[in-house]
Asker: 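First the structure, then my questions, so here it is.
Computed from a prediction, not measured in an experiment: that's the story for all the values here. Per chain, numbering begins at 1; letters A, B, ... match sequence-line order. We use all heavy atoms of the structure for the numbers below, so side chains are in, but hydrogens, waters and symmetry mates are not.
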There are 2 protein chains.
Amino acid sequence: MARTQGSRAEITGPAIREAARRLFARHGFAAVSMRQIAAEVGVQAGALYAYTPDKQALLADLLRGHMEELLGAWQDDPARPPLDRLQSFLRFHIRTSLEHPEAVFLSYMELRSLTPENHRQIADLRRRYEDALEAILIAGQAQGSMSVPDTRLTAMALISMLTGVTNWYREGGRLDRDKVVAVYWDLVRGAVGA
Amino acid sequence: MARTQGSRAEITGPAIREAARRLFARHGFAAVSMRQIAAEVGVQAGALYAYTPDKQALLADLLRGHMEELLGAWQDDPARPPLDRLQSFLRFHIRTSLEHPEAVFLSYMELRSLTPENHRQIADLRRRYEDALEAILIAGQAQGSMSVPDTRLTAMALISMLTGVTNWYREGGRLDRDKVVAVYWDLVRGAVGA
DNA sequence: GTCTATACATTGATAGAC
DNA sequence: GTCTATCAATGTATAGAC
């Protein structure tokens, strides 16, 4: 079957997602037009609709994809000491935040731009991620190696703190990844009273 | 001097700022139209332009107003023990975040929607606020009552954590203000190694 | 699969009457 | 100070040719 002239589906699909992710993260969902995304990819606006039913679905797919990848990649072992698990979570979250800053920032900030239906779905996924962290805090508190009176609030606070990395981290800046992890681990370890 | 028919400048001015603040915070700057703001206030869209030259100036004024109020209200005394100063900062920031959640959220999130000129100005104000916190950490580290190897990064991390309150706090929810302050103080005190 | 062309709604902002 | 009316620009999305 001959390829249609100008057809480059294998690259255009991912390119659209990539451009949308970058532009949405930088300027906000509502501030970015389909024309801008198309221009970034190098196609006309109409061509985007061969890949997504509409702009809302494009955002929802980006967020869902990121959250599912996050949840799929996170490996926890309840048998390990809670402090070790906490450190692993921190490494995992910061590494992800530095490798995919746009996706992390977007999933944290643009929930509000989703339709109620999509919002429920993505918020559920995020909730599971928060639960993964809280489970570690609960174990640490129960076992006595941490002092965490309010595990829910502490989980939210820690995630806010860690995700904040995407606000100030600049590639090639003052700090490399390991240094960032080290500083944050000191903060987190102290915060949970270990 | 007789009032023009229908003129209610004393209420309309603040009402516009209030409506814009709420709508911008909830849906994002770009997602909100001048017509929506006007409808919320109870006037026609054209009337808004008697109070602001354009939409961008409306946002910039909101952010500048908030940051200046914040900086003006913050009272610090370098002579006090650093840990006391840190606790005061925390109380101040959380109290503000719970009393004006939209303004705090907006100033944290919509810097990206400002023109370069406005951005520079507001980012400067925010920088001064971050510096106010870092000054406390530097004093604590120097004096030995805190362990803060990287004061800049720690200041950014703490502000991210504290500002995150606006993401989950709900009026009349599980926790009252004093309880929130207490939990966060435990976290922060531990994080700075005190 | 992509393009050109276009329908149609909505946007920010202005002009002039009251 | 506010309203009505309106403009030019831009938005999302679709139709039909290739």
Asker: Do Leu153(A) and Ile94(B) belong to the same hydrophobic cluster, where Ile, Leu, Val, Met, Phe, Trp and Tyr are linked whenever their side-chain heavy atoms lie under 4.5 Å apart, directly or via other members?
Answerer: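 Yes, one cluster joins them.
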
Asker: Rounded to whole Å, how long is the line connecting atom CE of Met34(A) with atom P of dA5(C)?
Answerer: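 These atoms are roughly 21 Å apart.
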
Asker: Of the options dA13(C), dG11(D), dG1(C), whose atoms approach the side-chain atoms of Arg35(A) most closely?
Answerer: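 Nearest to the side-chain atoms of Arg35(A), counting from C-beta on, is dG11(D).
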
Asker: Whole angstroms only, please: what is the CZ-P distance between Phe29(B) and dT11(C)?
Answerer: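 So the CZ-P distance, Phe29(B) to dT11(C), works out to 13 Å.
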
Asker: For Ala45(B) and for Gly46(A), locate the closest nucleotide of DNA chain C by heavy-atom distance; then report the residue assigned to the nucleotide nearer the 5' terminus.
Answerer: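 So the residue in question is Gly46(A).
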
Asker: Check step by step if side-chain hydrogen bond (donor to acceptor under 3.5 Å, both in side chains) holds for Thr115(B) and Glu117(B).
Answerer: CA-CA 5 Å; Thr115(B) 58; Glu117(B) 166 73 21; over 6 Å; no

Asker: For the side chain of Arg112(B) and the backbone of Ala25(A), is there at least one donor-acceptor N/O pair under 3.5 Å apart?
Answerer: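 Side chain of Arg112(B) to backbone of Ala25(A), a donor-acceptor pair under 3.5 Å: yes, one is there.
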
Asker: Check the angle between the aromatic planes of Phe92(B) and Phe89(B) and answer parallel, tilted or perpendicular using the 30° and 60° thresholds.
Answerer: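 Phe92(B) vs Phe89(B) ring planes: tilted.
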
Asker: In this structure, how many angstroms lie between the C1' atom of dT11(C) and the CD1 atom of Ile37(B), rounded?
Answerer: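 Checked: the CD1 to C1' distance equals 12 Å.
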
Asker: With a non-hydrogen cut-off below 4.0 angstrom, is Val32(A) in contact with a base, only sugar-phosphate, or nothing?
Answerer: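 Sugar-phosphate only.
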
Asker: Figure out the CG/P separation between Leu48(A) and dT2(C), and round it to whole Å.
Answerer: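 So the CG-P distance, Leu48(A) to dT2(C), works out to 10 Å.
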
Asker: Can you tell me how far P of dG1(D) sits from CD1 of Ile16(B), to the nearest Å?
Answerer: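 Result: 10 Å.
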
Asker: Starting from C1' on dT6(C), measure out to CD on Gln44(A) and report it in whole angstrom.
Answerer: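 Going from Gln44(A) (CD) to dT6(C) (C1'), I get 13 Å.
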
Asker: Given atom CG of Leu58(A) and atom P of dA13(D), what is their separation to the nearest angstrom?
Answerer: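 The distance from CG of Leu58(A) to P of dA13(D) comes to 10 Å, rounded to the nearest Å.
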
Asker: Quick one: Glu10(A) CD to dG1(C) P, roughly how many Å, whole number?
Answerer: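 It works out to 9 Å between those atoms.
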
Asker: I want to verify a distance call: between dG12(C), dG11(D), dT2(C), whose nearest atom is closest to the Ser33(B) side chain?
Answerer: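 Within the option list, the nearest is dG12(C).
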
Asker: Identify, between Ala31(A) and Pro53(A), the residue whose nearest nucleotide on DNA chain D lies closer to the 5' end.
Answerer: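 Nearer the 5' end of the strand: Ala31(A).
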
Asker: Give a yes/no answer on whether the side chain of Tyr51(A) brings an N or O atom under 4.0 Å of OP1 or OP2 in dT2(C).
Answerer: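 For dT2(C), OP1/OP2 do have a side-chain N/O of Tyr51(A) under 4.0 Å.
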
Asker: Return yes if some donor-acceptor pair links the side-chain N/O of Glu134(A) with the main-chain N/O of Ala155(A) below 3.5 Å, else return no.
Answerer: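 Side chain of Glu134(A) to backbone of Ala155(A): no pair is present.
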
Asker: Counting side-chain heavy atoms from CB outward, which of dT12(D), dT11(C), dG12(C) is closest to Tyr49(A)?
Answerer: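 Minimum distance to the Tyr49(A) side chain belongs to dT12(D).
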
Asker: Does Thr12(B) make a side-chain N or O approach to OP1 or OP2 of dG1(D) shorter than 4.0 Å?
Answerer: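 So the side chain of Thr12(B) is outside the cut-off, no N or O lying under 4.0 Å from OP1 or OP2 of dG1(D).
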
Asker: Compare the minimum distances between each of dT12(D), dT11(C), dG12(C) and the side chain of Lys55(A), then state the nucleotide with the smallest one.
Answerer: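 Among the listed nucleotides, the one closest to the side chain of Lys55(A) is dT12(D).
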
